[in-house]
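Presented below is the structure to which this report refers.
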Protein chains: 2
Amino acid sequence: MRDLLTHAVEDYLKTIYDLSLNYGRASTTQIADVLDVAPASVTGMVKKLTGTTPPLVEYQKHRGVVLTPDGEKVALEIIRHHRLLELFLHETLGYSWDEVDAEADLLEHVISDKFEQRIAEVLGNPTHDPHGDPIPTRDLEIPSHATLCLSHLRPDERGSIQRVRDTDPELLRYLSDHGVVPQASFTVTGFTSFDGNLTLLIDGQDKPVVLGTRITQQIFVEKE
Amino acid sequence: MRDLLTHAVEDYLKTIYDLSLNYGRASTTQIADVLDVAPASVTGMVKKLTGTTPPLVEYQKHRGVVLTPDGEKVALEIIRHHRLLELFLHETLGYSWDEVDAEADLLEHVISDKFEQRIAEVLGNPTHDPHGDPIPTRDLEIPSHATLCLSHLRPDERGSIQRVRDTDPELLRYLSDHGVVPQASFTVTGFTSFDGNLTLLIDGQDKPVVLGTRITQQIFVEKE
DNA sequence: TCTCAAATTTAGTTAAGCCTAAAAAAGGAT
DNA sequence: ATCCTTTTTTAGGCTTAACTAAATTTGAGA
């Protein structure tokens, strides 16, 4: 089985995992969009992933895909690699927050168990990456915590940033420049109902930030 | 051009570089042996490498292969990656000497220029890797030094180990266990002319080591 | 319920990089 | 100079993961 875990397969499983978290299942088109391949290619790969022993995904024609427990294990292993790498690049090699994702995407498929273990040790076996996402443990459990979407908060509510689920470097840099980084505490100071914009005042900053609906749905927070 | 630099192509170029250093050129069979592929596959790849713009190798049927300046640049880039990675794995992540080669072989094709630069900085822009091999500089020059083959020394000559050009983990561990590591100083205490065996006494060790011809040709030293 | 656009699958290709088997070239020994 | 072995190349095929184009299915709106 080990030999069918190509980079391509791992990327599909990781993508299906992420989409399933957000939508309960992954559609052909969604997967194709994320991986930047043609929808027909996804159909082909998904069929392959169903036909392996053990099968890595469950799939019904025209109904979308979910991971089997075996597929989820592979996905979590890759996600563990990815998030440890992000943290490692940031902490040990001085990468900035918006540079880590692209490099981790390449390295996550290549590093050995030993490499994974060593960087985890060097970093003190962390439970969360620089975006605030949880890092699966070595036996692939996810340390969860009660978070909700920033878009659910309303004026006068306070919270702290937990995770930013977006990979656009420009956006990440913008957020970072305005103090919207994991662990930062803030107060919601405004809400425009017709367009869904939220205004935040990050503790210690002098100017509030206005964030559109798209991004407020990508930022996860803990209420205070 | 960038897109034809696949892992496979890079491995071929690196192998041709190494073989050319030792033999002046690389034969189809030698390349096939190193890369563990069929000779016919080498012929196919070498043809491809001749047909690129710019060509990466020069090749005449039945006469072997050498790198063009362009091919050499690619090879040196990969070799720089490899040797920096070996050192990084050893120094920063605590890998032992015999573990670094396999992991570096995987990572060398994947890391970005930025990663290369960062680990070089962290390591203090080193000029030699843990095996004692020189690390090409950022502009791909090779810092050379006057070394010769251990097999050329004779009893009573003294020297220090510079490089061990072998990748067999068991052998490397054996050498390491017996003090045959870069920088170690030694005296040649014996030579058996009929089989070419050399006996060494490493400074600070109590027992001499006997090394066969194959390995004495893989160890490079500086005379003292 | 019908219709139609969007989503998905099927069918047929392509490009890499490998393989085996067989043919051909090289080059050392007699 | 010829033979014979080794090396190398040719020819034909396989697999993976992508692609395009065409056919089919789905499901939302009238």
Side-chain angles (χ1 to χ4, degrees), chain A residues 1-16 19-20 22-53 55-66 71 74 78 105-106 108-110, chain B residues 1-16 19-20 22-53 55-66 71 74 78 105-106 108-110:
Chain A
M1 168 188 166
R2 192 90 288 197
D3 41 323
L4 56 81
L5 260 35
T6 62
H7 299 188
V9 166
E10 292 176 346
D11 273 336
Y12 274 97
L13 294 173
K14 190 176 75 154
T15 302
I16 294 165
L19 290 168
S20 299
N22 287 319
Y23 305 102
R25 35 140 265 184
S27 76
T28 303
T29 320
Q30 285 175 322
I31 299 170
D33 281 349
V34 174
L35 293 178
D36 200 26
V37 298
S41 308
V42 175
T43 302
M45 178 58 93
V46 160
K47 272 190 179 167
K48 176 184 163 178
L49 264 21
T50 316
T52 58
T53 43
L56 298 169
V57 306
E58 251 170 60
Y59 151 76
Q60 285 180 289
K61 277 187 191 175
H62 300 278
R63 305 266 143 192
V65 193
V66 290
V74 177
I78 298 301
D105 269 336
L106 296 176
E108 65 189 8
H109 306 292
V110 176
Chain B
M1 168 186 166
R2 192 90 290 196
D3 40 323
L4 56 83
L5 261 33
T6 61
H7 299 190
V9 166
E10 292 175 345
D11 273 336
Y12 274 95
L13 295 174
K14 189 175 75 153
T15 302
I16 293 165
L19 290 169
S20 300
N22 287 319
Y23 305 102
R25 35 141 271 198
S27 76
T28 303
T29 321
Q30 284 175 324
I31 300 170
D33 282 349
V34 174
L35 294 178
D36 201 26
V37 298
S41 307
V42 175
T43 302
M45 178 57 93
V46 160
K47 272 189 180 168
K48 176 184 163 178
L49 264 21
T50 316
T52 57
T53 44
L56 298 169
V57 306
E58 250 169 61
Y59 151 78
Q60 285 180 289
K61 276 186 190 174
H62 301 277
R63 304 266 142 189
V65 193
V66 291
V74 177
I78 298 302
D105 269 335
L106 296 176
E108 64 188 9
H109 306 291
V110 176

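Every chain is numbered from 1 and lettered A, B, ... according to where its sequence line falls, protein lines coming before strand lines. This structure is a prediction, so every number in the text was calculated from the model and none was measured.
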Exercise. Would you kindly compare A:R63 and A:D36 by the position of their nearest DNA chain D nucleotide and give the one closer to the 5′ end?
Key: A:D36
Quiz item: Among B:L49, B:L56, B:T6, B:V57, which residue meets the side-chain contact (heavy atoms from CB on, under 4.5 Å) test with B:Y12?
Solution: B:L49
Exercise. Ignoring backbone atoms, test whether A:Y59 places a side-chain nitrogen or oxygen under 4.0 Å from the OP1 or OP2 oxygen of C:dT9.
Key: yes
Quiz item: Can you tell me how far P of D:dT7 sits from CD1 of B:I31, to the nearest Å?
Solution: 14 Å
Quiz item: For A:H62, which residues count as a ring-ring contact (aromatic ring centres under 6.0 Å, His included) partner, sequence neighbours excluded?
Solution: none
Practice problem: Round to a whole Å and report the spacing from CE of A:M45 to P of C:dT9. | Solution: 15 Å
Practice problem: List in chain and number order the residues that pass salt bridge (Lys or Arg N to Asp or Glu O under 4.0 Å) with B:D11, two or more places apart in sequence or in another chain; answer none if no residue qualifies. | Solution: none
Quiz item: Do any side-chain nitrogens or oxygens of B:K48 fall under 4.0 Å of OP1 or OP2 in C:dA16?
Solution: no
Quiz item: Distance check: side-chain N/O of B:Y12 vs OP1/OP2 of C:dA16, anything under 4.0 Å?
Solution: no
Practice problem: May I have the distance from B:Y23 (atom OH) to D:dT7 (atom C1'), rounded to whole angstrom? | Solution: 16 Å
Exercise. With DNA chain D as reference, determine whether B:G44 or A:V9 sits nearer its 5' end, using the nearest nucleotide of each.
Key: B:G44
Quiz prompt | side-chain N/O B:T6 vs C:dG17 OP1/OP2, d < 4.0 Å | solution = yes
Quiz prompt | Under 4.0 angstrom between A:T43 side-chain N/O and C:dT9 OP1 or OP2 | solution = yes
Quiz prompt | Non-hydrogen side-chain atoms of B:V46 and B:T28 separated by less than 4.5 Å | solution = no
Quiz item: A:P39 side chain: which of D:dT20, C:dT20, C:dT9 is closest?
Solution: C:dT9
Exercise. Rounded off to whole Å, could you give me the CD-to-P distance for the B:Q60 and D:dT7 pair?
Key: 20 Å
Quiz item: So what does B:T28 hit on the nucleic acid, given a heavy-atom distance under 4.0 Å: a base, only sugar-phosphate, or nothing?
Solution: sugar-phosphate
Practice problem: Check whether any side-chain nitrogen or oxygen of B:K47 sits under 4.0 Å from OP1 or OP2 of D:dT10, and answer yes or no. | Solution: yes
Quiz item: Expressed in angstrom and rounded to an integer, what is the separation of A:K61 atom NZ from D:dA23 atom C1'?
Solution: 12 Å
Quiz item: Over how many whole Å does the gap from B:H62 atom NE2 to D:dT10 atom C1' extend?
Solution: 10 Å
Exercise. Might you point out which heavy atoms bring A:L5 and A:E10 nearest each other, and give the distance in Å?
Key: O-OE2, 3.5 Å
Self-check item: Atom-pair distance (CG on B:L19; C1' on D:dT7), nearest Å
Solution: 15 Å
Exercise. Figure out the CG/C1' separation between A:L5 and D:dT16, and round it to whole Å.
Key: 15 Å
